[in-house]
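Below you'll find the structure, written out as structure tokens, and then a few comments.
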2 protein chains.
Amino acid sequence: MALIVQKFGGTSVGSVEKIKNVANRVIEEAEKGNEVVVVVSAMGKTTDQLVSMARDISGSPSKREMDMLLTTGEQVTISLLTMALIEEGHEAISYTGWQAGMQTESVHGNARILNIDATRIQAQLQEKKIVVVAGFQGHDANGEITTLGRGGSDTTAVAIAAALNADRCDIYTDVTGVFTTDPRYIKGARKLQSISYDEMLELANLGAGVLHPRAVEYAKNYQIPLEVRSSMERESGTIIEEEATMEENLIVRGIAFEDSITRVTIYGLPQSLGALSTIFTTLAKNRINVDIIIQSMTAEDTTNLSFSTKSEDTEAALIVLENNKQQLGFDRVETESGLAKVSIVGSGMVSNPGVAAEMFEVMANTGIQVKMVSTSEIKVSTVVNEKEMVKAVESLHEAFKLGQHANVLA
Amino acid sequence: MALIVQKFGGTSVGSVEKIKNVANRVIEEAEKGNEVVVVVSAMGKTTDQLVSMARDISGSPSKREMDMLLTTGEQVTISLLTMALIEEGHEAISYTGWQAGMQTESVHGNARILNIDATRIQAQLQEKKIVVVAGFQGHDANGEITTLGRGGSDTTAVAIAAALNADRCDIYTDVTGVFTTDPRYIKGARKLQSISYDEMLELANLGAGVLHPRAVEYAKNYQIPLEVRSSMERESGTIIEEEATMEENLIVRGIAFEDSITRVTIYGLPQSLGALSTIFTTLAKNRINVDIIIQSMTAEDTTNLSFSTKSEDTEAALIVLENNKQQLGFDRVETESGLAKVSIVGSGMVSNPGVAAEMFEVMANTGIQVKMVSTSEIKVSTVVNEKEMVKAVESLHEAFKLGQHANVLA
């Protein structure tokens with residue numbers, strides 16, 4: 001007998017019919033003799049509808065009241081799913097975040113989990129009940145309702161799995177697993193059997209939205225094996241686990257990509273110790289996410305500085321820079337839009353120094369100009385023209401033989 | 001400065017626009033310098049939609065899970081209304097039932113309030129905040145979410161008013177007050193300035209659905225003055241208070257009526273001490289509501305027994321009787337459908353013994369046959385043909401001069 005936490009996202013519980021389907025998946029696991037805790041999100045478009053009502057009332061609704069509003073979404077799902085389980089003859093009980101003992105910081109909209117008091121869940125499991133828990137939500141020490149922010153339900157599932165010392169946490173979603181690259185765009189993309197936490201973290205951060213990075217980090221910290229799999233298909237998914245336990249160690253595990261990137265270049269920035277810090281602190285304060293940063297020296301006492309950002313954030317970034325021009329002391333700003341980011345990720349890179357070079361060579365041979373580069377121990381990111389994005393990914397996917405199970409290290 | 005509890009029902013908060021309108025009504029009261037607690041129901045059709053989803057999953061959904069499901073409705077309203085109040089520059093905070101300290105029995109679907117711990121509400125009032133509380137819901141001693149059943153939000157409002165020792169509890173609804181009879185059917189129906197708790201209880205029980213009897217009882221027990229008024233119109237409503245404090249004491253305060261009544265007659269019931277008890281216990285166990293009961297002796301050792309019931313319950317009642325025919329030992333059952341109940345209510349009746357006689361005379365003069373009669377200290381109910389219902393009410397309304405402020409006692 002194993003203890004398994006299952007998580008079903010908004011698409012998987014998007015209608016009454018789909019909730020019944022989820023109930024069957026849950027029952028399958030329970031009928032194997034396993035203890036099952038199920039974490040669910042709000043149904044499909046529910047959150048969007050609630051947000052839209054709030055926006056009709058206020059341009060900047062109170063964050064506390066937004067939490068009060070949005071947490072109803074998961075509460076509807078847990079009750080309906082529990083009814084469906086009971087209807088199929090299984091004992092089941094639903095818990096909201098506060099009932100499940102999800103204690104968080106006193107922060108609204110983006111709280112971190114502080115502690116899980118799993119007493120109630122454990123008591124129900126001992127009574128042979130399936131326990132259905134509302135994802136995304138918790139409560140603070142004062143009994144205020146809080147939410148975990150983006151990727152919240154994934155995080156709830158992993159955190160409960162950690163608190164219960166679960167054998168496995170299965171993340172059911174609308175894809176069948178984690179792929180070498182996005183199969184919607186790249187023919188030959190292959191589903192991975194397994195991937196390490198660190199690789200998944202890089203891929204999650206790079207926008208391959210199967211799993212929220214926060215949940216992956218949590219799973220890594222508590223060494224909870226995750227499986228990403230489809231709520232509709234029966235095939236096995238992708239296991240996310242510690243690298244050491246994996247069967248194959250790949251140089252390049254996957255390729256992530258993202259369009260609508262703009263490069264912002266600041267010319268004539270005075271060379272002072274605080275200049276960089278001032279610029280990026282100012283941008284961060286204004287909630288502008290900056291990705292790759294490149295600084296280049298010039299002959300004079302000034303530097304040029306480039307950074308990439310989502311195109312939708314560019315206008316706000318320019319306004320912030322312009323408003324602070326005096327203080328920052330730069331000369332002028334230029335932007336180049338219509339760019340894309342293409343990144344290769346693989347834990348084998350650490351011990352294979354030539355991987356970045358190989359990537360650039362593939363790009364050069366394909367006639368693609370690399371405009372920016374950023375590297376980490378297990379990742380190389382490049383910025384290219386948006387029009388060449390898919391071609392770049394295809395070339396890299398082929399060059400690193402990702403479609404073929406073939407770049408296994410000795 | 002007064003402490004006022006305001007309650008707005010589902011129709012009053014049926015859309016974002018209506019919620020904004022409610023916010024204005026709340027703010028008006030707050031800007032008079034009053035402390036305000038607002039109790040709200042779920043938005044318009046929300047509860048129906050949630051019930052329908054549950055029914056799609058299960059014919060008899062778990063009551064615990066129904067409570068979990070339905071309580072999301074008020075939670076949506078409290079957050080949106082609070083956002084609207086904040087948007088208008090007022091400090092406000094929302095509380096679910098459990099946050100507001102509404103402790104109930106451990107019963108799902110129809111729990112009674114055991115205790116209200118108003119600490120949190122009081123603390124927020126002291127901080128000059130408007131407190132918005134979810135009606136209809138509470139929690140038991142184990143932290144389970146419960147609901148109060150029909151009329152729950154009215155009861156929540158009155159109970160909070162009692163716990164806070166409020167000066168007034170205003171029930172905002174889609175009518176402008178309590179009328180002498182239903183103005184949708186009877187021309188000349190007049191809005192009452194005031195009515196006693198007891199009269200209101202009889203009228204509420206008789207199906208004049210402005211206010212749930214349970215809330216009226218609660219208000220009577222704690223001597224909380226209620227005002228029923230419109231959430232859209234500005235005019236003053238109807239005050240419900242103790243009879244002693246009222247300006248005018250009427251013989252007949254109002255006329256209630258209800259169609260779709262069926263009379264069930266059981267012939268040849270053996271005269272035993274336990275027969276009546278057995279019959280009505282059996283019907284009650286099967287959740288069949290019986291209203292007027294009449295027993296008539298016959299020459300032999302048997303009696304005939306008639307009772308009235310809602311027509312929709314008749315078939316179920318007949319099945320129950322047939323299934324228990326052996327045990328009950330009666331001869332046969334006959335039914336007469338297409339009937340209606342017409343009742344006059346007034347606390348002045350207690351000291352005016354001729355009122356029932358006057359009612360029967362009016363009916364006779366109008367050519368209406370009275371088929372059943374039932375009386376209480378402040379009420380006379382009759383059963384008549386459905387087709388003659390409106391004519392009966394009109395005649396009585398005129399005879400007792402209800403449209404004219406004229407039947408005031410000396």
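Note on naming: letters A, B, ... go to the chains in the order of the sequence lines (proteins, then strands), and numbering restarts at 1 for each one.
- Looking at A:R64 and B:T82, their side chains never come closer than 4.5 Å, going by heavy atoms from C-beta outward.
- Other residues, nucleotides and ligands contribute over 12 non-hydrogen atoms within 6.0 Å of the CD atom of A:E312.
- Atom CE in A:M83 sits 12.5 Å away from atom NZ in B:K63 (nearest 0.5 Å).
- Neither the backbone nor the side chain of A:L70 has a heavy atom closer than 4.5 Å to any heavy atom of chain B.
- Of the listed residues B:N142, B:T71, B:T72, the one with more heavy-atom pairs under 4.5 angstrom with chain A than any other is B:T72.
- For A:I86, the part sitting under 4.5 Å from any heavy atom of chain B is the side chain, from C-beta outward, and nothing else.
- Side-chain contact, B:E65 with A:S79: no donor N or O sits under 3.5 Å from an acceptor N or O.
- Within the model, atoms CH2 of B:W98 and CD1 of A:I145 stand 5.0 Å from one another, a figure rounded to the nearest 0.5 Å.
- Residue contact with chain B, scored on non-hydrogen atoms closer than 4.5 Å, involves the side chain of A:Q99 exclusively.
- Summarising the geometry of A:V76 relative to B:M53, their closest heavy-atom pair is CG1-CE, 4.0 Å, with the distance given to 0.1 Å.
- With respect to chain B, the highest number of heavy-atom pairs below 4.5 Å among A:V132, A:I19, A:D56, A:L50 belongs to A:D56.
- Annotation: B:E315, atom CD; neighbour count of heavy atoms from other residues, nucleotides and ligands within 6.0 Å does not exceed 12.
- Rounded to the nearest 0.5 Å, atoms CD (A:E17) and CD1 (B:I57) are 9.0 Å apart.
- Residue A:S15: no heavy atom, backbone or side chain, is found under 4.5 Å from chain B.
- With a 4.5 angstrom heavy-atom cutoff, B:E144 touches chain A via backbone and side-chain atoms both.
- If you tally non-hydrogen atom pairs under 4.5 Å between each of B:G143, B:P61, B:A84 and chain A, the highest count goes to B:G143.
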Practice task
Test side chain to side chain donor-acceptor pair (under 3.5 Å) on A:S60 and B:E87 and set out the steps.
Solution key: CA-CA 8 Å; A:S60 57; B:E87 182 70 12; 5.3 Å; no
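- When the candidates A:G59, A:S62, A:S94 are compared by the number of heavy-atom contacts under 4.5 Å with chain B, A:S94 comes out ahead.
- For the atom pair CD1 (A:I78) and CG (B:L69), the distance works out to 9.5 Å, reported to the nearest 0.5 Å.
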